[in-house]
2 protein chains.
Amino acid sequence: MDLENPKAREKMEMREKILHTASQLFVERGFEKTTIRAIAEEIGYSPRTIYLYFKDKDDLFYQMSLDAFKLFVQYFQEVPTDGDPLDRLCKLGQKYLSFASEHPGYYDLMFILRSPMNHDENDETFEIGMKSKGILKAIVSDCQKAGYLQGYEIEHLALMIWAEVHGLVSLHIRERLKMYPDMDSVPRIEQAHEIFVDMLRKF
Amino acid sequence: MDLENPKAREKMEMREKILHTASQLFVERGFEKTTIRAIAEEIGYSPRTIYLYFKDKDDLFYQMSLDAFKLFVQYFQEVPTDGDPLDRLCKLGQKYLSFASEHPGYYDLMFILRSPMNHDENDETFEIGMKSKGILKAIVSDCQKAGYLQGYEIEHLALMIWAEVHGLVSLHIRERLKMYPDMDSVPRIEQAHEIFVDMLRKF
DNA sequence: TTTTCCAAGTAAACGCTGTTTACTTGGAGA
DNA sequence: TCTCCAAGTAAACAGCGTTTACTTGGAAAA
């Protein structure tokens, strides 16, 4: 991008301002209640102006999910690349759960909501998703080299592991764990995940 | 209910007609596109009429989810109540996946969508949910008696198992498995689930 | 038999939503 | 100085869930 050109920079800043405001409102209120009009009012412009920077509401939320995916990968990159592979797999799962409980709105946007899905050929979130999957698969591969999880295809193992953490998180985010009233959901999720990792370890 | 009283029966039939039409449109088009106006037009009444039978759109979809939960429990009741407990646990998981792939719209309604959630004291879907959880917990308990899955609380084990199948299914329904283009999602889910059950068996 | 009354149904409106058409305006470049 | 265009806007459009105010057909009361 042309950061020297003051015209282009102003345009970029306005875009960021819209995205930042939309993101803030979305985290507070959710998708439906984050209206174009509310965003416009918040930044002090007319609703029409937002359409000068984004094709439509879905496009705006797709661009927002891009930022979410970048933050998500940062969580993953805190996991060490050497050491006991099963410890690393465990750590990866914990980071996944941390991201989801610290940024439930973003998680919803990335993995549950229908709106931000992109149907272009060069989908950037798709690329980042593949990168994250690559990190998981590399660790699973290391586990197999260390003698764990023998006899199954890495791709299928990776999906099973992803599904487990996604299942825990999405039940929580979409409020299907309210039937356990005696305990906060987050520690309950963590306990269930610990059992899962124990199981992988003995596998 | 007073099925003899023709007045009450007519009222009941109208209610069923609305529910059936709404359900049909919902399965075809999803929640957002199933508008009150579209349902009204389909049954040949004015939109206002629907509000004589249901409090609002959320109430209509909550009542619809009740039917979905009843169908869901029917799937579960096909699982034998005796025999090898781990075979039964496997069968239960397969039934869960069958329900979700045969009725993805209903699954969405029951476990993903925010709208049909009820906030009353006597929530009937809550009761049915607890019943389903009871079936799962009974099988997990039998597994422990047979020497499997030792050393963990049944409640936590049940959540871990639920999360695994829910994770697989909800990634599929919300179209997050499109990154595997070379294979249909359903067999992929079944393979991942098989690995999970193998793992439980060796645990 | 006549009158009353109410449940069932409706047309039209209200206040939202995302989005578009048609317009204004300030400032850079010719 | 004049032209032109990018940036921004007011107002409208179509569609949404929902409500107000109205009509009407038929059972029950007189």
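Quick note on labels: first sequence line is chain A, next is B, and so on, each numbered from 1.
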Nearest-Å distance, [atom1] ([X]) to [atom2] ([N])?
{"X": "B/Arg15", "N": "C/dA8", "atom1": "CZ", "atom2": "C1'", "value": "17 Å"}
{"X": "A/Glu32", "N": "D/dG17", "atom1": "CD", "atom2": "P", "value": "11 Å"}
{"X": "B/Leu60", "N": "D/dG17", "atom1": "CG", "atom2": "P", "value": "10 Å"}
{"X": "B/Ile50", "N": "D/dG17", "atom1": "CD1", "atom2": "C1'", "value": "11 Å"}
{"X": "A/Asp58", "N": "C/dT19", "atom1": "CG", "atom2": "C1'", "value": "12 Å"}
{"X": "A/Tyr51", "N": "D/dA12", "atom1": "OH", "atom2": "P", "value": "18 Å"}
{"X": "A/Phe54", "N": "C/dG18", "atom1": "CZ", "atom2": "P", "value": "15 Å"}
{"X": "A/Leu52", "N": "D/dC5", "atom1": "CG", "atom2": "P", "value": "17 Å"}

Open item on the list: Can you confirm whether or not the ring centre of B/Phe126 sits under 6.0 Å from the ring centre of B/Phe69?
Closed with: no
Task: Aromatic contact, B/Phe31 with B/Phe61 (centres under 6.0 Å) - done: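 So the answer is yes for these two rings.
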Distance check: side-chain N/O of [X] vs OP1/OP2 of [N], anything under 4.0 Å?
{"X": "B/Tyr45", "N": "C/dA8", "answer": "no"}
{"X": "A/Thr49", "N": "D/dT9", "answer": "yes"}
{"X": "B/Ser46", "N": "C/dG9", "answer": "no"}
{"X": "A/Lys11", "N": "D/dA7", "answer": "yes"}

Task: Distance-minimising heavy-atom pair for B/Ile50 and B/Ile36 - done: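 Between these two residues, the closest heavy atoms are CD1-O, 3.5 Å.
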Task: Smallest separation among heavy atoms of A/Ala192 and A/Leu168, with atom names - done: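 For A/Ala192 and A/Leu168, the tightest heavy-atom pair comes out as CB-CD2, 3.8 Å.
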Open item on the list: Closest-nucleotide mapping onto DNA chain C: is A/Lys33 or A/Arg48 further toward the 5' terminus? I mean the 5' end.
Closed with: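 The answer here is A/Lys33.
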Task: Sole residue of A/Tyr106, A/Phe99, A/Tyr107 in ring pair (Phe, Tyr, Trp, His ring centres under 6.0 Å) with A/Phe72 - done: A/Phe99
TODO: Determine the contact category for A/Tyr53: base if any of its heavy atoms lies under 4.0 Å from a base atom, sugar-phosphate if only primed atoms, P, OP1 or OP2 are that close, otherwise nothing.
DONE: sugar-phosphate
Open item on the list: Regarding D/dG15, can its base be found pairing with the side chain of B/Arg37 as donor and acceptor, where the two atoms are less than 3.5 Å apart?
Closed with: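 Absent.
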